[in-house]
Amino acid sequence: MSIAYPKPDIPGTTLFDGEQAMKGFALNKMCFSFNDAANRETFLKDEDAYCARFGLTSPQREAIRNRNVLELIAAGGNVYYLAKFAGIFKLDVQDLGAQQTGMTKDEFKAKLVAAGR
Amino acid sequence: MSIAYPKPDIPGTTLFDGEQAMKGFALNKMCFSFNDAANRETFLKDEDAYCARFGLTSPQREAIRNRNVLELIAAGGNVYYLAKFAGIFKLDVQDLGAQQTGMTKDEFKAKLVAAGR
Amino acid sequence: MAKIVGVVTTSHVPSIGGAIARHQEQDPYWKPFFDGFIPVREWLKDVKPDVAVVIYNDHGLNFFLDKMPTFAVGAAPAYRNADEGWGIPTVPPFAGDPALSWHLIEGLVRAEFDPTTCQDMLVDHAFTLPMALLWPDQNWPVRTVPVCINTVQHPLPSAARCLKFGRALGRAIDDYDQDLRVLVVGTGGLSHQLDGKRAGHINKEFDQKFMASLLADPDWATRYSIAELVAEVGTQGIELLMWLAARGTLAGPVRALTSTYHIPISNTAGGIMLMAA
Amino acid sequence: MAKIVGVVTTSHVPSIGGAIARHQEQDPYWKPFFDGFIPVREWLKDVKPDVAVVIYNDHGLNFFLDKMPTFAVGAAPAYRNADEGWGIPTVPPFAGDPALSWHLIEGLVRAEFDPTTCQDMLVDHAFTLPMALLWPDQNWPVRTVPVCINTVQHPLPSAARCLKFGRALGRAIDDYDQDLRVLVVGTGGLSHQLDGKRAGHINKEFDQKFMASLLADPDWATRYSIAELVAEVGTQGIELLMWLAARGTLAGPVRALTSTYHIPISNTAGGIMLMAA
Ligand SMILES: [Fe+3]
Ligand SMILES: [Fe+3]
């Protein structure tokens, strides 16, 4: 693919642009379905079948299996939808932040508090 | 209701604007559902139940009962959706034109041909 | 760099689909309209476009009043046709070109347009029938990008806005860094009105002025408000906005390679134009 | 004639909903943020708005990638909240004001904006939590018009476009021929980033410059591209576009009646401002 407009390079940051969208559609569609509590239960009962129904690519399937946010983003996931996936496991945004930055949750929280000083 | 911008007055013509949209939502939603053949059948089997499900207003219900296009428009119907209702009865746009102008279909067709001269 | 090889504009009434299904192309009623495509098909064999950017108006298949965009651009890998309520035969699916779609969306947003982006999208007769008229074997030789302009819910974008939209779209196509031959298609109109006591309204004089203006002075139509255009060409005749946007994609002067105007097809004044720089 | 009585801008993170549900408003962690609303509520009792026009970004409740608008305007008789996937308690439904909605849409389209109109629409935490912060009894004393700006799918509208959008919205409110007291709410930001290795990014200095600029020089933020703003304030910090659009609805100079800035609430730099002419 080719987008003529220059792509910005922001360290540690992936903009959800067309290129990511093309990669991530199936994954994001599945995560969007988790708005519905019944779908969240169906997913928990048979994760494989649920992922297959949405036609996840194999990196997407693997990232879902690993509950790994950085892998999910690399596979085209959009954080607004991924947050609904995280919600299934009662993970909040600080759990996600800790996982992505390799910190403990307490370290991650302390870092946020420090940013206020 | 009040829309500050002037409303145009075009003889024999109703623009589907916000005012019409507010009136017509239930009717247009029902007509939109007729994209699906199964819904068209359900409607034909029990028209009353189908109209009730969409919460039609009583002028809308009456206009549907009468298969009357001018009444449907007066009740907020949008022709792009109404055309799907007409499709249930295999009425084409010339049947609709004839009905609305009080002509026979042949007269209506002749009028169109005359417009080309 | 991508290049717009030409612009085809055409009417798109559903009954064209019925006529195709019943092989009535040579019936005296339909012949004048279908014959208008013969030179267009010859030209297509020659220019061999890679992609078609199709500007049309959805008639309540993909969009409902819950989410009605002013401008929408498809960005899906493929687009399906579906039942619109009348059982016209559906056509084979169309390949998308998501990379081009995203490039065009980027260009439009930079030019201060506010499109709705559609990564999953059904295309209706206004998209499929013109494609079937261009390629009757329905073995589509092009990838596609659907572009929708709202004609369902007023307020509609003005003629001036639609022409500017087309110009921005054209610039974005020109900017694309792939070697692509792009056909732009604009579908809708010309004068007709399906609803109200004025149903059957047709305005030959205005249609012909409008067709001429696309060549000589594309800004001509922008002197009319939407209400004034509806008064001239009818509630559905306003679909001529698609022609205006499509014309706008070609910068500078254009010539008509072919032009057909025939009244009536169904309730509609049928027009076809093929324009190129 | 309608009159904008003031503009409230605030952060909207989902965990505010959890804190409200668990009555943690006075917990040391939450108190600095919740206390920022005390003067705003006092002011509201005084000015008694009739309608709230709420500019926010949907987080994947009402819109999905199949139809993702750049700008969307609600035109429904009522708006419901719903489960977003995390089981935050939902709030009572909101009354709409469709006549005002259509007037605003008309004004925006005339000003060459291309909104998507929504006659049926769910509103998410970015709409509901600010309303619950303004009126904690959730017995909404105002009708509402939801206005969404896309922050999900890049390209996003530029800061310049969002400010112009806000200005056009403000002019349309001013033009409305009903005697209405209108509160404008802008929700989102300030700096935060949920995703990527830079998760937890906060930029106090930029946030404070941005808040000051809304009073002194609302065009200040428009010198930054979307990418530059994301670099400064994070992938979700870009939600400050809502503040910019909301500020734009007030023509001429404004003063801050109250202003709060506190780090952190959840992963976010929490900001609150109340501005009036
Ligand atoms: Fe049409
Ligand atoms: Fe947010």
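Chain letters run A, B, ... following the sequence lines, proteins first, then strands; residues in each count from 1.
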Note to self: Let's go through D:Gln236 and A:Tyr80 carefully: what are the C-alpha distance in whole Å and the side-chain angles of both, what is the deciding distance for side-chain contact (heavy atoms from CB on, under 4.5 Å) to 0.1 Å, and is it a yes or a no?
What the structure shows: CA-CA 9 Å; D:Gln236 283 71 50; A:Tyr80 287 103; 3.8 Å; yes

Next item on the list: Could you walk me through whether D:Asp195 and A:Leu82 pass the side-chain contact (heavy atoms from CB on, under 4.5 Å) test, one step at a time?
Entry: CA-CA 10 Å; D:Asp195 50 337; A:Leu82 294 178; over 6 Å; no

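The contact between A:Lys29 and chain D is made by backbone and side chain atoms together, counting heavy-atom distances below 4.5 Å. Heavy-atom distances place the side chain of D:Tyr29, and not its backbone, under 4.5 Å from chain A. Heavy atoms closer than 4.5 Å to chain D are found in both the backbone and the side chain of A:Val93. Heavy atoms of A:Ala98 lying under 4.5 Å from chain D are absent altogether. Both the backbone and the side chain of A:Leu112 come within contact range of chain D, judged by heavy atoms closer than 4.5 Å.
Side-chain atoms of D:Trp86 come within 3.5 Å of backbone N or O of A:Ala83 as a donor-acceptor pair. Panel note: side chain A:Gln100, backbone D:Ala199; no donor-acceptor pair is recorded below 3.5 Å. Of the possible polar contacts, none joining the D:Asn267 side chain to the A:Gly97 backbone as a donor-acceptor pair under 3.5 Å is found. Side chain of D:Lys197 to main chain of A:Thr101: no donor-acceptor pair is present (N/O by atom type, distance under 3.5 Å, no hydrogens or angles).
A distance of 6.0 Å or more separates the ring centres of A:Phe16 and D:His154. Between D:Phe64 and A:Phe25, the distance separating the two ring centers is shorter than 6.0 angstrom.
Your options are D:His262, D:Lys204, D:Glu228, and the one with the most heavy-atom pairs under 4.5 Å with chain A is D:Lys204. Chain A forms more heavy-atom pairs under 4.5 Å with one residue of D:Val13, D:Ile238, D:Thr151 than with any other, namely D:Thr151. Of the listed residues (A:Lys109, A:Gln20, A:Met103, A:Arg117), the greatest number of heavy-atom pairs within a distance under 4.5 Å of chain D belongs to A:Arg117.
Looking at heavy atoms from C-beta onward, A:Ile10 lies in side-chain contact with D:Arg198 at the 4.5 angstrom threshold. Put simply, the side chain of D:Leu65 reaches to within 4.5 Å of the side chain of A:Asn28, judged on heavy atoms. Under the 4.5 Å side-chain criterion, counting only non-hydrogen atoms from C-beta, A:Val113 is in contact with D:Pro264.
Under a 4.0 Å N-O distance rule, the pair A:Arg40/D:Asp83 qualifies as a salt bridge.
Few gaps surround CZ on A:Arg67; more than 12 heavy atoms of other groups in view lie less than 6.0 Å from it.
Here CG of A:Asn35 is found 9.0 Å from CG of D:Asp124. Values are rounded to the nearest 0.5 Å.
A donor-acceptor pair shorter than 3.5 Å can be found between the side chains of D:Gln193 and A:Thr13.
When all heavy atoms of A:Lys111 and D:Gly200 are compared, the pair lying nearest together is CE-O, 4.0 Å.
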